[in-house]
Amino acid sequence: MSKTVDSEGRFHRDTDWQPGVFFGVLALVLLIGVAVLFGRFWIAGIFQKAFDRVPTQGTVHVFQFDYAYEPRHITWRVGDRVTIALRNMSDTHWHEMVIGRGYDTVPSAFGAIATQFKTDFWDGVPVRISNAHHVDNLVLNKARATFVGSKPNLATGGDFSPTLQPGGSINLTFTVPNKPGEWQYGCFVQQYMHYVAGMNGTITILPAK
Amino acid sequence: MGDILAFTLVWILVSALGEIGIQSLIHHGVYYYTATTQALDGEAAFAFIITVLTPVFAFIVVMIGYDMIRFRSREPGMRPSPRQFYNNKVFVSIWILVSIALNLLFFVHPTASAVEQMFNSEKERYNRHDLIINVTARQWQWLFDYPQYNITQAQDANGNSILYLPVDRTVRFVLRSYDPMHMYDPYAGVIHSFWIPAFGVKQDIIPGETRYMYVHTNKVTSYNVDPMVRVQCAEVCGPGHPFMEAPVHVVSNVDFMNWIKQQQKLQAGQS
Amino acid sequence: MSSVVSDMHGARSEHARVKRMLPPVVRGLLWALIGFLVMNTLVSEVFDRMPYHPFITRASVTLGWVAAVGGWILGVGAWEGAVKPYLGYPEEWVVPQDWRKYFMYSTDHKVIGLQYIFSSLGGFLIAGFAAMLMRLELMKGQMWIFNNPGAYLSTVGVHGTVMMFSVGTVALVGGFGNYFIPLMIGANSTSFPRMSGVSQWLVPAGIATVVISPVLGQWTTGWRGYEPLAGQDPAGILFYYLGVFALTTSSLLVAINLTATILFKRAPGLTWNRIPMYAWGILAVSLLNLIWLPEIQMTFVMALLNAVIPLPYFAQIGSPLTYMEMFWLFGHPEVYIIVVPAFALWQEILPVMGQKSLFARQWGIIGLVFVMILSGLVWAHHMFTNMRNSQMLPFSFFTEMISIPTGFAYLVSLGTMWRANLKLNTPTLYTLMSMFNFLIGGVTGVLLADPVVNLQVHDSFFVVAHFHYTVIGAMVFSWFAAFFYWFPKLSGRMYNEFWGKVGAIWVFIAFNMTFGQFFFLGLHGMNRWVPVYPSYLEPMNFEVSLFAFLLGLGFVFNFLHIAWMWNKGPVAKDNPWQAKTLEWQTASPPGEQNFDPIPKVISGFYDYRDQRLPIRNSPQKEPTS
Ligand code: HEM
Ligand SMILES: [Cu+2]
Ligand SMILES: [Cu+2]
Ligand SMILES: [Cu+2]
């Protein structure tokens, strides 16, 4: 590479580049950009539908970010023994995870705002709670909880909901109850605004085999 | 000379018409709806400035229009204007002197005078019987405490925060931004801005600081009478910012005391 | 360089073994991708590996971005054009003499100027599209276009950021400044052509970064990226800081280059007394950029660390207001960075179109320079609602006083038009509209400078109206004036006068109907940064949005007109306006050499008493090719 010009004084590389490649790649990059910007959830949803029919067994890690969950969709089968390993990845906000269906609402100047789910998925479900670190509070509601290790700060009011401090974690181990169908999970903290900001996901529970 | 005369006539005419328009706007109320003396002061300052500036505005607009029509070129090509000059000491001097004078005027009145009035209303000697309201801004909710009446978090039947004020009273809002339910989290406090549009003032609320805002209510009114009578967060504070709103009711003294009793009963029942 | 090109064309067919290079932009994208993947992987999987963390973390995306921008810059041509020559290798970078030269690294200030113009145009269209989405959402008091408020707020942030840092700060400085300053001062190049060639490519990188930011997480702070909120925002805020960092770096390099060019490359005889108004404007702006851009960049670095590590610099246990103070310390000069070139343009266009000597020129220059100086003393008027009471009066005072030097731009423009022979064509129309719009911006600015009024209208749509009157009303309208005024110079062709005027009147009416009503929305209690609002504001918002769409269409119409006539318009004369400034004393469009030989200036450029040229030995005209 020390010489870039050959003996006849010509360049080794031809800078006369091809417009076709240029426009092709540019169009492709723009297309990808637009798709990622406006359609990322939609595309992710399609992938989920195509590949995620298999129910998750064992541990599913649910990460809480500001203001979204990862993953945004989970599939379980009735009767499987599963664990939700909930991790709050935010450095700044506390988050919860409520699972249910339908909404309770409160009126506001901007119309009704969802405050929690109407039906609590955890009603009557035996659940073993372990690995609780930096839990802001835990509302049990009608879940039948047993504890392994340190017992988190319990609170009352509303649906079953573990609320984690920034960096907090908790594991919920249970046998998927016989409540098949579509469920939602969401975070309603900070005056219900995390849910408004898009902090939600869906669970599909398949009937027992 | 003819041009100057013609221009001056048009200018005076347009200024006069402009003043008529502006005065009718002022008559309707540039602030739309006011419910405190502070709002009236602000509105008066606003009105004074636009009144004085109308002829100035007219001068420039008329000048642009006059030049555009009177001195437009009527031939296809470009031709140097037969009238050329580089300067006009009289015009430049008047321009500079008037602009300095106008700005000094505005600084003295309404700027300094209105600020003085505002500061005055905050003085201790005028504030012997203030109603004190501790306002806490958390993401994304307003909390109103009435320490003189042992009320924390005044609420309506739905559990939404609500602000009740007596009429003809000076109110001192003590403003803080933090999350009383999550004191461990230093990142929870962000800047909010306490704004009641009908009250004509707003004050930002800074985490870690205590700030004050004074108003003197001057009419019985409420959110139901005019939606400008509401608390509205005016500084973006995250995705919940638009929802940070609370209705305000300004009521007679009797109604206010009734409301206080009712809240006290509610709180006694809760604990 | 051009001689090498013709050799090459002959040689190519015989030497098929010579490898054809990838289009530089494609290579830049490829290198950027490689740079990002390598760096991101190193950071998130090797050096800073943490349990459970995703592949892209805050730290890895930041460093990955740095590598990506490096790859991009090198790939578009800095590797051959700047780095290798610096290391002593012969320069192996040949720019094809067709449209392709605009899509690769170049050192020709005219190419660079047009690249900047395209970049800012791209930014304007993207951010304008964002504005249309926002107005669509605001047609209703409820969420209906956006799925959640964070998405709307990110859109507001992208709109404001891209508009301010890639259009407002760039269009008239990096764009028209790079193209015209050397031409106007009789030089054949800028002082630092290589640096300038590199700096332009930071603009598309910066725009892309900001636009794609919501993918990392929806940030909510708006264009100020303000702390303490930014400290707890989702990760998209990182790409705000990084993107703006790229954009401001680009503007900083432009400022260095143009300042040096104006100081040191003027043609013989072009004394300080004869420096053209636009060059004065660009000089004032460049000094502002040199002073304030490093300040805001340092603030952004702090905010970035604050968000990556995270640190509590600006949280309640830190100093929450410091960021705002630092931001507006830059932010107020920033608005003069945007508007000073517009003032200079009025004073450039009106004497030409009026064919009359510039009136009170020295006051025009004093105005530009004093605005520049005073602009550093008024920043806290953005903070009347949160500052100490002691700061109100001094900042109110300086803010009111700044209207005096600002008024000089009007003094000069109006005096020049008085008894002129004013050609009422499209550039003149845009100039006059710009003066009208800025007048409204200025009058409402006096209202905002009054603290008691400010406490009511601050952070409401009143302020939004005020600053759109200054940025669109003054700067964008002047930008269009410049487009049409210099259209024959840039393209060698003439626009269509009728459609030009139609476009001007169209955007003027739509603009005033849209933003004029913003004032009343604000006074009526409409606060900023809200996708939902109480229903009493719905009818006016609905109708404002219709005018906003009309405005958007008007802009598109103008750009289509410009693009069409650029290729198809009738060929123009070299100096169709009979202007005296130097850029018109050469071919339109100028050849590769602007001037050959360099002209000698013998008088000022704004004297229209006669038709004598201000230069001796007028340059030989090159044929337009
Ligand atoms: C094309 C027509 C435009 C329309 C319809 C438009 C509309 C809007 C709207 C509705 C907002 C949101 C106001 C809020 O809620 O705070 C906004 C904000 C803003 N606009 Fe525009 N705009 C336009 C062009 C421009 C231009 C040309 C610039 C600058 C060169 C600009 C600079 C800004 C800035 C800096 C903000 C503030 C963003 C923030 O709050 O962070 N806009 N615009
Ligand atoms: Cu949450
Ligand atoms: Cu707030
Ligand atoms: Cu807010």
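A, B, ... follow the sequence lines: proteins, then strands. Residue 1 opens every chain.
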For W94(A) and H182(B), take the angle between the two ring planes, folded into 0 to 90°, and tell me which bin it lands in: parallel under 30, tilted 30 to 60, perpendicular over 60.
parallel
Does N160(B) reach the main-chain N or O of S108(A) with its side chain, forming a donor-acceptor pair under 3.5 Å?
no
Within the supplied structure, the quantity of interest is the number of heavy atoms (other residues, nucleotides, ligands) at a distance under 6.0 Å from R128(A) CZ; does it exceed 12?
no
Assess whether atom NZ of K151(A) is packed by more than 12 heavy atoms of other residues, nucleotides or ligands within 6.0 Å.
no
Contact residues of residues 189-203 of chain A (partner chain B; heavy-atom separation under 4.5 angstrom)
Q190(A), Q191(A), M193(A), H194(A), V196(A), A197(A)
Any idea which heavy atoms bring D91(A) and Y187(B) closest together, and the distance?
O-CD1, 4.1 Å
Measure distances from E245(B) to the heavy atoms of chain A and classify the residue's part below 4.5 Å as side chain, backbone, both or neither.
side chain
Parallel, tilted or perpendicular, judged at 30° and 60°: which one describes the rings of H93(A) and W140(B)?
parallel
Option in A188(B), P242(B), P247(B) with maximal non-hydrogen atom pairs under 4.5 Å from chain A:
P242(B)
If I measure from the heavy atoms of chain A, does D185(B) come under 4.5 Å with its side chain, its backbone, both, or neither?
side chain
